[in-house]
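The structure under discussion appears below in the form of structure tokens.
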Amino acid sequence: MTNRARPRKPRYQEIADDLRAEIETGVYDGGKRLPSEAGLMQRFGAARGTVRDAIAVLQAEDLTEAKKGSGVYLRTFERIRRDAAQRLARSNWGTGRAIWDSDLKGRRRHEDVEVEEVEAPEHIMAVFGMRPGSRVWRRSRLHRAEGRFVQQSTSYLPADLVAGTAITRPDTGAGGTYARLADIGHAPIRFREEIRSRLPLSHEAKVLGVTMSTPVMLIARTAFDIDGQPVEVNEMMLDSNSYVLEYNFNS
């Protein structure tokens, strides 16, 4: 019987193994920057593409992450676990809790909020079944967790439905938008979410502070009241390096 030698690992995998071993033995302290691409190319005698493939392996393992205009760092940020069903439960917003309380579970957070009445974009009019020229209240939010930009979201609500409510103000009060919709008899009963993933446009990467090679997750959520009428459309852009999307189903 002929003994066959094990096939050699691809060069990028060997480099990833070396760097992983250094990370695990504490060569790079928490948050420390890894050597530059040029430095790794020189150290390992490898092409730029090979080094990038090695870094991609470590990023896929959640060991490192790229920071826009800065380099690759040891990962220290714990991903936000976004439980789609639990976060939207009435037991949350109906008791005065914010959806973000469910996501972050006490972690430090901040939201920059802008609210204005605008003419409904064409695709929003289509969801609401509106006529051209109809108005909506647009709530734009930039979310930070532990100082890190993680999500940009924009929600639209029919102007004639929410006129005079706290939904037209930056601070909607306990329970947020859904609690205020419940106050006027249009509590959300059912939700639909559509998810896509792509690389960010330049202005989107700038907003979230991510590199152009970091995918973003686009989630479009529509909330429906008891009569089946849509009462809110929320378009979200999430930094894929900051989240885990969780969905629980009953058979």
Side-chain angles (χ1 to χ4, degrees), residues 10-83 99-100 103-114 140-154 195-219 235-246:
R11 182 60 176 144
Y12 76 87
Q13 187 66 65
E14 292 179 339
I15 296 173
D17 290 347
D18 286 348
L19 293 174
R20 185 189 305 106
E22 291 179 344
I23 290 171
E24 292 174 348
T25 55
V27 172
Y28 305 105
D29 295 330
K32 186 173 181 180
R33 184 178 184 274
L34 269 65
S36 66
E37 284 185 359
L40 292 174
M41 290 166 60
Q42 182 177 10
R43 172 183 169 185
F44 291 105
R48 186 177 301 274
T50 302
V51 166
R52 287 181 175 176
D53 286 346
I55 294 298
V57 170
L58 300 179
Q59 290 176 338
E61 295 173 355
D62 264 2
L63 294 175
T64 64
E65 61 180 338
K67 295 185 180 180
K68 184 177 177 62
S70 182
V72 177
Y73 290 78
L74 192 65
R75 184 179 180 87
T76 58
F77 184 84
E78 180 184 352
R79 287 180 183 264
I80 300 167
R81 184 166 293 274
R82 182 186 186 275
D83 186 329
I99 287 178
W100 265 71
D103 289 347
L104 294 180
K105 297 177 175 59
R107 296 167 67 178
R108 180 167 53 90
R109 65 181 177 90
H110 179 77
E111 297 178 11
D112 298 317
V113 184
E114 294 183 0
S140 302
R141 299 177 296 280
L142 185 58
H143 305 271
R144 281 179 281 177
E146 298 174 347
R148 174 187 179 121
F149 291 108
V150 295
Q151 179 186 158
Q152 190 274 331
S153 64
T154 304
I195 303 174
R196 292 179 293 135
S197 179
R198 60 166 170 78
L199 294 178
L201 303 177
S202 58
H203 72 277
E204 294 170 339
K206 185 175 181 180
V207 166
L208 289 178
V210 299
T211 66
M212 294 288 289
S213 61
T214 301
V216 292
M217 295 181 289
L218 306 177
I219 303 178
E235 297 178 328
M236 294 158 273
M237 178 176 65
L238 284 63
D239 168 19
S240 65
N241 273 340
S242 297
Y243 280 90
V244 173
L245 304 187
E246 179 177 329

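All values below were derived from every heavy atom in this structure, side-chain atoms included, with hydrogens, water molecules and symmetry-related copies excluded.
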Which residues pass the side chain to side chain donor-acceptor pair (under 3.5 Å) test with E246, sequence neighbours left out? R81, N248

With sequence neighbours excluded, tell me which residues meet side chain to side chain donor-acceptor pair (under 3.5 Å) with Q59. none

Least distance between heavy atoms, [X] atom then [Y] atom:
| X | Y | answer |
| --- | --- | --- |
| R79 | Y243 | NH1-O, 3.0 Å |
| A16 | L58 | O-CD2, 3.7 Å |
| A145 | W100 | CB-CZ3, 4.4 Å |
| L34 | L74 | CD1-N, 3.8 Å |
| Y28 | P35 | OH-CD, 3.5 Å |
| M236 | S153 | CG-CB, 3.6 Å |

Look at atom [atom1] of [X] and say whether more than 12 heavy atoms of other residues, nucleotides or ligands are closer to it than 6.0 Å.
| X | atom1 | result |
| --- | --- | --- |
| R198 | CZ | yes |
| E111 | CD | yes |
| K68 | NZ | yes |

Would you say [X]'s side chain and [Y]'s backbone share a donor-acceptor pair under 3.5 angstrom?
| X | Y | result |
| --- | --- | --- |
| S240 | P215 | yes |
| E204 | L201 | yes |
| R11 | A47 | no |

CA sep, side-chain torsions, deciding dist, call: K105, E78, salt bridge (charged side-chain N to carboxylate O under 4.0 Å, His left out): CA-CA 12 Å; K105 297 177 175 59; E78 180 184 352; over 6 Å; no

Does T50 form a side chain to side chain contact (heavy atoms under 4.5 Å, CB included) with F44? I'd like the steps, not just the answer. CA-CA 10 Å; T50 302; F44 291 105; over 6 Å; no

Gap separating the CG atom of L218 from the CD atom of E235, nearest 0.5 angstrom: 9.0 Å

Nearest-0.5 Å distance, NE2 of residue H143 to CG of residue L208: 10.5 Å

Start with the C-alpha distance between R148 and D239, add both sets of side-chain angles, then the distance that settles salt bridge (charged side-chain N to carboxylate O under 4.0 Å, His left out), and finish with yes or no. CA-CA 10 Å; R148 174 187 179 121; D239 168 19; 3.5 Å; yes

Quick one, V210 with K67, criterion side chain to side chain contact (heavy atoms under 4.5 Å, CB included). Give me CA distance, side-chain angles, the key distance, then yes/no. CA-CA 6 Å; V210 299; K67 295 185 180 180; over 6 Å; no

Pairing donors with acceptors under 3.5 angstrom, does anything connect the side chains of Y73 and T76? no

Taking the side chain as everything from C-beta on, heavy atoms only, tell me whether L142 gets closer than 4.5 Å to E114. no

Just so I know, are the side chains of R43 and L19 near enough to count as touching, which here means a heavy-atom distance under 4.5 Å? yes

Tell me, with the steps shown, if I55 and L40 meet side chain to side chain contact (heavy atoms under 4.5 Å, CB included). CA-CA 10 Å; I55 294 298; L40 292 174; 4.0 Å; yes

Please test R75 against L63 for side chain to side chain contact (heavy atoms under 4.5 Å, CB included), starting from the C-alpha separation and ending with a verdict. CA-CA 5 Å; R75 184 179 180 87; L63 294 175; 6.0 Å; no

